[in-house]
Amino acid sequence: MDLVDFKKWALKEFGIDLFAYKENQLHRRILSLISRVGAKSIDEYVGILKNNEMQRQKFLDFITINVTEFFRNPEIFKEFEKEIRNMTLKNNHIKIWSAACSIGAEPYSIAIIANKLGYSSKCSIIATDIDTTILNKAKKGEYIESEIKNVEKQDLHKYFRNVGDKYIVDENIKNMITYKRHDLILDSYEGDFDIIVCRNVVIYFNQDIKEKIYKKFSTSLKKGGLLFVGATESIYNYKEYGFEKASTFIYRKL
């Protein structure tokens with residue numbers, strides 16, 4: 001089995017389209033995984049993945065890039081908060097999608113902003129990820145100190161409960177979010193969103209897949225809706241997708 005065959009196997013076995021990822025970067029990650037478990041070939045590694053649940057999860061975690069924290073790039077989140085404040089003045093209800101949400105730090109960050117602005121009752125947040133194990137972790141809302149380092153002190157006391165070395169998200173914040181499994185590459189997209197947040201994920205995909213995702217995001221947004229992307233993910237041809245620039249890394253659908 002070569003790397004192409006491995007990608008085909010992974011698509012069938014896990015429902016993850018590795019052909020959509022940047023090739024050189026992906027190959028380095030896969031070869032690194034194979035080396036870590038001491039496998040001498042791709043075939044041997046596949047055998048391990050078939051029979052070892054822990055290694056299957058490590059593979060999924062490593063490939064789907066589950067690295068995140070609350071209010072990642074705080075200064076950009078401040079701009080995002082301003083845009084939400086402006087938007088809510090014009091809408092009775094705000095529908096938000098946190099795409100590729102990983103362990104939930106991002107949707108909970110959004111929920112905290114909405115609560116601070118007094119918009120909890122107006123706001124519905126859908127959070128999705130390809131990895132069901134990660135979604136289950138997100139639902140628990142338990143985090144370590146490094147993951148909540150950007151949370152302001154007063155918010156930490158208000159929105160979290162400290163138990164040992166864990167920080168547990170307040171139930172009222174948890175209840176603002178609905179978690180679902182979703183594959184950005186293979187699944188259809190829901191519509192009528194006021195805001196879509198998808199940060200630090202699209203950067204790992206090849207150009208064709210990026211373009212398809214941005215087009216789908218545009219279609220899924222209402223007119224005037226916002227797309228909030230990661231700090232390394234500027235969309236230079238944003239006009240092609242029907243966007244204008246609302247702020248740094250925030251785009252508004254025309």
Fill in: Pairing residues for F205 by the ring pair (Phe, Tyr, Trp, His ring centres under 6.0 Å) criterion, not counting sequence neighbours
Y21
Worksheet item: Can F217 be reached from L186 by stepping across I, L, V, M, F, W or Y side chains whose heavy atoms are under 4.5 Å apart?
Response: yes
Practice prompt. Look up atom CD1 in I250 and atom CG in L227, then write down how far apart they are to the nearest 0.5 Å.
Written response: 9.5 Å
Item to complete: Any chance you could lay out the side-chain contact (heavy atoms from CB on, under 4.5 Å) test for K139 and K174, step after step, and finish with the verdict?
Response: CA-CA 7 Å; K139 289 174 187 176; K174 285 185 184 180; over 6 Å; no
Practice prompt. Working to the nearest 0.5 Å, report the span between OG of S120 and CD1 of I113.
Written response: 12.0 Å
Worksheet item: Is the closest side-chain heavy-atom distance between W9 and K50 below 4.5 Å?
Response: yes
Worksheet item: Side chains of W97 and T128: do they bring a donor and an acceptor to under 3.5 Å?
Response: yes
Item to complete: Before giving the answer on salt bridge (charged side-chain N to carboxylate O under 4.0 Å, His left out), spell out for K137 and E142 the whole-Å C-alpha distance, their side-chain angles and the decisive distance to 0.1 Å.
Response: CA-CA 8 Å; K137 183 175 180 180; E142 297 180 2; over 6 Å; no
Worksheet, complete the sentence: With sequence neighbours left out, the residues meeting side-chain hydrogen bond (donor to acceptor under 3.5 Å, both in side chains) with Y159 are N115
Practice prompt. Give every residue pair that meets the salt bridge (charged side-chain N to carboxylate O under 4.0 Å, His left out) criterion with at least one member in residues 149-161, sequence neighbours excluded.
Written response: E69-K149, K78-E152, K116-E152, K116-D155
Worksheet item: Quick one: do E106 and R72 make a salt bridge, cutoff under 4.0 Å?
Response: no
Discussion item. Show, in sequence, the C-alpha distance, side-chain angles and deciding distance for T219 and K216, and conclude whether the side-chain contact (heavy atoms from CB on, under 4.5 Å) test is met.
Written reply: CA-CA 5 Å; T219 301; K216 288 182 179 180; 5.6 Å; no
Worksheet item: Ring centroid separation for F249 and F228, is it under 6.0 angstrom?
Response: no
Fill in: Closest non-hydrogen atom pair, A127 against L135
O-CD2, 4.4 Å
Practice prompt. With the side chain counted from C-beta on, respond yes when F80 and S247 share a heavy-atom pair under 4.5 Å apart, and no when they do not.
Written response: no
Fill in: Spatial distance of atom CG (L18) from atom CD1 (I185) [nearest 0.5 Å]
8.5 Å
Worksheet item: So, Y143 versus Y167, ring centres under 6.0 angstrom or not?
Response: no
Worksheet entry | Where S98 and I110 come nearest, the two heavy atoms and their spacing | CB-CD1, 4.2 Å
Fill in: Donor-acceptor contact present, side-chain N200 to main-chain G230, <3.5 Å
no
Worksheet entry | Salt bridge K95-E190, side-chain N to carboxylate O under 4.0 Å | yes
Worksheet item: Out of curiosity, does I195 fall in the hydrophobic cluster containing Y238 (side-chain heavy atoms, cut-off under 4.5 Å, transitive links)?
Response: yes
Discussion item. For K222 and D192: C-alpha separation, side-chain torsions, deciding distance, then whether salt bridge (charged side-chain N to carboxylate O under 4.0 Å, His left out) applies.
Written reply: CA-CA 5 Å; K222 295 177 182 174; D192 292 322; 5.9 Å; no
Worksheet item: Tell me, do F6 and E13 make a side-chain contact under 4.5 Å, heavy atoms counted?
Response: no
Worksheet item: Minimum heavy-atom separation for A99 to L184, with atom names?
Response: CB-CD2, 4.1 Å
Worksheet item: Hey, does the side chain of E44 reach the backbone of K40 with a donor-acceptor pair shorter than 3.5 angstrom?
Response: yes
Worksheet item: So, the side chain of E233 versus the backbone of V201: is there a donor-acceptor pair under 3.5 Å, distance only?
Response: yes
Item to complete: Can you establish whether the number of heavy atoms outside E145 located under 6.0 Å from its atom CD is more than 12?
Response: no
Worksheet item: Between I94 and S124, is a side-chain contact (heavy atoms from CB on, under 4.5 Å) present by the stated rule, with each step listed?
Response: CA-CA 6 Å; I94 301 175; S124 63; over 6 Å; no
Worksheet item: With a 4.5 Å limit on heavy-atom distance, are the side chains of K180 and I126 in contact?
Response: yes
Practice prompt. Determine, using the 4.5 Å side-chain heavy-atom cutoff (strictly less than), whether Y189 and L226 are members of one ILVMFWY cluster.
Written response: yes
Item to complete: Decide yes or no for L254 and K223: does some side-chain heavy atom of the first lie under 4.5 Å from some side-chain heavy atom of the second?
Response: no
Worksheet item: Got a donor-acceptor contact below 3.5 angstrom from the N162 side chain to the K166 backbone?
Response: yes
Fill in: Closest contact, heavy atoms only, S41 versus I34
O-CG2, 4.2 Å
Worksheet entry | Any donor-acceptor pair under 3.5 Å from D187 side chain to D183 backbone | yes
Discussion item. Would you say N51 and R56 are linked by a side-chain donor-acceptor pair, where the criterion is simply a distance under 3.5 Å?
Written reply: no
Worksheet entry | Inter-residue atom distance I125.CD1 - I96.CD1, 0.5 Å rounding | 5.0 Å
Worksheet item: Taking H182 for the side chain and S188 for the main chain, is one N or O donor matched with an acceptor at less than 3.5 Å?
Response: yes
Practice prompt. Output the distance between atom CZ (F243) and atom CD1 (I235), rounded to the nearest 0.5 Å.
Written response: 6.0 Å
Worksheet item: Between S35 (side chain) and L31 (backbone), is there a donor-acceptor pair under 3.5 Å?
Response: no
Discussion item. Within the 3.5 Å criterion, strictly below it, is a donor on E240 or N237 matched to an acceptor on the partner's side chain?
Written reply: yes
Worksheet item: Are side-chain heavy atoms of S32 and R28 found at a separation under 4.5 Å?
Response: no
Practice prompt. State the OH-CD1 distance between Y108 and I177, to the nearest 0.5 angstrom.
Written response: 5.0 Å
Practice prompt. Determine, step by step, whether E23 and K7 satisfy the side-chain contact (heavy atoms from CB on, under 4.5 Å) criterion, reporting the C-alpha distance in whole Å, the side-chain angles of both residues, the deciding distance to 0.1 Å, and the verdict.
Written response: CA-CA 11 Å; E23 192 166 294; K7 290 179 188 179; 4.1 Å; yes
Worksheet item: Are I144 and F71 connected, step by step, through hydrophobic side chains (Ile, Leu, Val, Met, Phe, Trp, Tyr) whose heavy atoms are closer than 4.5 Å?
Response: no
Discussion item. Counting C-beta onward and ignoring hydrogens, is there a side-chain heavy-atom pair between S234 and T248 closer than 4.5 Å?
Written reply: no
Worksheet item: For Y214, does its backbone N or O pair with a side-chain atom of S218 as donor and acceptor, under 3.5 Å?
Response: no
Item to complete: For residues E244 and R252, determine if any side-chain heavy atom of one lies less than 4.5 Å from a side-chain heavy atom of the other.
Response: yes
Worksheet item: Is there a donor-acceptor pair under 3.5 Å between the side chain of Q55 and the backbone N or O of N52?
Response: no
Item to complete: Answer with yes or no whether the hydrophobic clustering places Y204 together with I134; edges join I, L, V, M, F, W, Y residues whose side-chain heavy atoms lie under 4.5 Å apart.
Response: yes
Worksheet item: Are any side-chain N or O atoms of N150 and backbone N or O atoms of F70, one a donor and one an acceptor, separated by less than 3.5 Å?
Response: yes
Discussion item. Ring of Y241, cation from K215 - is the NZ or CZ under 6.0 Å from the centre and inside 45° of the axis?
Written reply: no
